[in-house]
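First up is the structure itself, then whatever we jot down about it.
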Amino acid sequence: MIDLRLVRENPDLVRASQRARGADESLVDALLAADAGRRAAVKAADDLRGEQKAASQAVKKASPEERPAVLEKAKALAAQVKEAEEAERTADAGLHALHLRIPNVVHPDVPPGGEDDAVEIRTVGEVPTYDFQVRDHLQIGEALGAIDMERGAKVSGARFYFLTGPGALLEFALAQLAITRAVAAGFIPVIAPALVKPEAMEGTGFTGEHDEEIYRVERDDLYLVGTSEVALAGMHAKEVLDLSAGPRRYAGWSSCFRREAGSYGKDTRGIIRVHWFDKVEMFSFCAPEEAEAEHRRLLQWEEEFLQLLELPYRVVDIAAGDLGTSAARKFDIEAWFPSQGAYRELTSTSDCTTFQSRRLQIRHRDADGKPQPAATLNGTLCAIARTIACLLEVHQQADGSVHVPAALRPWLGGHAVLTPGMSLAAVAAPGLPA
RNA sequence: GGAGGCUUCGCCUAGUCCGGUCUAUGGCGCCGCACUGCUAAUGCGGUUUGGGUUAAUCCCCAUCCCGGGUUCAAAUCCCGGAGCCUCCGCCA
């Protein structure tokens, strides 16, 4: 949630942010009114409580003769306090509900517009050309025995898949590469829970308008996460972190679940858009003044990873109307998908400033030693299924084999190419005694 | 799933039986000052977190795991819940 002081002191800034997002501007005035109402209610209740406290002390000190009268007064005050507290609760709940509905304030440099208005920042790598008919990742994956969509559908329904043989090994290779790189960069590797409580979901801003996207396990009041960001952010909820030595960074591994409710008919083929995939996610906690620099660093690590995979890509600055609830700014990296002749999102990094921290009560000590909300940032290091899809397409060869980038070979038996029908025995146990 | 124990202001801890100067004790740590060639030790003072109010200080309210209740008054009594620990059962 956003800083209420900012709303009080600079409501126009917040109104402008709402306008940029295409969100309801009048919420800001409703919030201001609710805030004023709450403060009045708090003051009324506080004052009454003070009086009641004094009255209560008086009861104890009263002589037997004056006692009944004093007690009567105290009783009357107790009733008034009860009423005032009820009003306070109501005002507080009203404010909170409105507060939750306002998304993060967008960064001033965010491009205006909606989904189609992302601004390209740079393009890296050559768009490859092929002197043969390109296949899509599913054709290639099926020929390799790497992807089995039909059986995925048989067992779990549409948008589910099996990764088999080289496909399964590719998942592990990508995971190893991602985690290894992250650890080398100073990230703490984490295996995070994929089921979380409602507070974690709400705290990261995924409930509310994105409710349709989320799997819910009603019986146990738990949610399946769409990204390990949820668990990683929740990890330090209600804590005061020591960030004096710089950002605290985690590389989280988890399965991710998405209902894809609004995407009927979109990417129905293959494993680009699925209900479940595994992902290595970067997550940073840092001082708010460091957030922008940290955002660039996360982007940098994402780019380096794609470069290791030898995938051509472009970086885009997402427009205000397409930002998530928690994000003040977001950069996506879109990699080239030859079968589509287009760049498609492969990773995404968001600067959530102090928005999630306020909800989750994640704080750090500022220069004066006072606890203040920390900034949180997240970025995809590797969304595995989609990355496999991209790898297969970009690195496909005329004979149906697939070039293996050097960075992945250590985990694929040193092989430079995946070939239909190849033996996996040598791949499965690299460097181990026979 | 069953039985029992525990949860106090960074950490440890007193207080809970028997409600009221609990405005929560003491230690450790931390900060400031004093003393001292330096360090250490010692002494004195300070040190929960929110909210309200304010130019700022002062001050006020809340806060003893969370939520209800009883009462003029709850860390303390009652009910519900969460987390941790021990044992039993079941399962990997």
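Keep in mind the model is a prediction, meaning the values are calculated, not measured.
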Report the base-pairing partner of [N] (Watson-Crick or G-U wobble, both distances below 3.5 angstrom), or none.
N: B:G43; value: B:C33
N: B:U21; value: none
N: B:G83; value: B:C6
N: B:C59; value: B:G52
N: B:A14; value: none
N: B:G1; value: B:C88
N: B:C38; value: none
N: B:U70; value: none

Looking only at atom [atom1], what distance separates [N] and [M], rounded to whole Å?
N: B:G26; M: B:C35; atom1: C1'; result: 26 Å
N: B:G27; M: B:C78; atom1: C1'; result: 35 Å
N: B:C79; M: B:C60; atom1: P; result: 36 Å
N: B:C72; M: B:A82; atom1: C1'; result: 32 Å

Mind calculating the distance between CG (A:Leu71) and P (B:U71) to the nearest angstrom? 12 Å

Kindly state each residue pair satisfying salt bridge (charged side-chain N to carboxylate O under 4.0 Å, His left out) with at least one member in residues 78-87 of chain A, sequence neighbours excluded. A:Arg49-A:Glu85, A:Glu86-A:Arg89

Classify the ring geometry of A:Phe160 against A:Trp276: parallel below 30°, tilted from 30° to 60°, perpendicular beyond 60°. parallel

Any residue meeting ring pair (Phe, Tyr, Trp, His ring centres under 6.0 Å) with A:Tyr250, in chain and number order, not counting sequence neighbours: A:His236

Knowing that exactly one of A:Trp253, A:Trp301, A:Phe285 qualifies, which makes a ring-ring contact (aromatic ring centres under 6.0 Å, His included) with A:Phe187? A:Trp301

Sidechain N-carboxylate O distance under 4.0 Å for A:Arg15, A:Glu25: no

How do A:Lys43 and A:Lys197 order along RNA chain B: which one's closest nucleotide is nearer the 5' end? A:Lys43

Between A:Asp46 and A:Arg365, which residue's closest nucleotide on RNA chain B lies nearer the 5′ terminus? A:Arg365

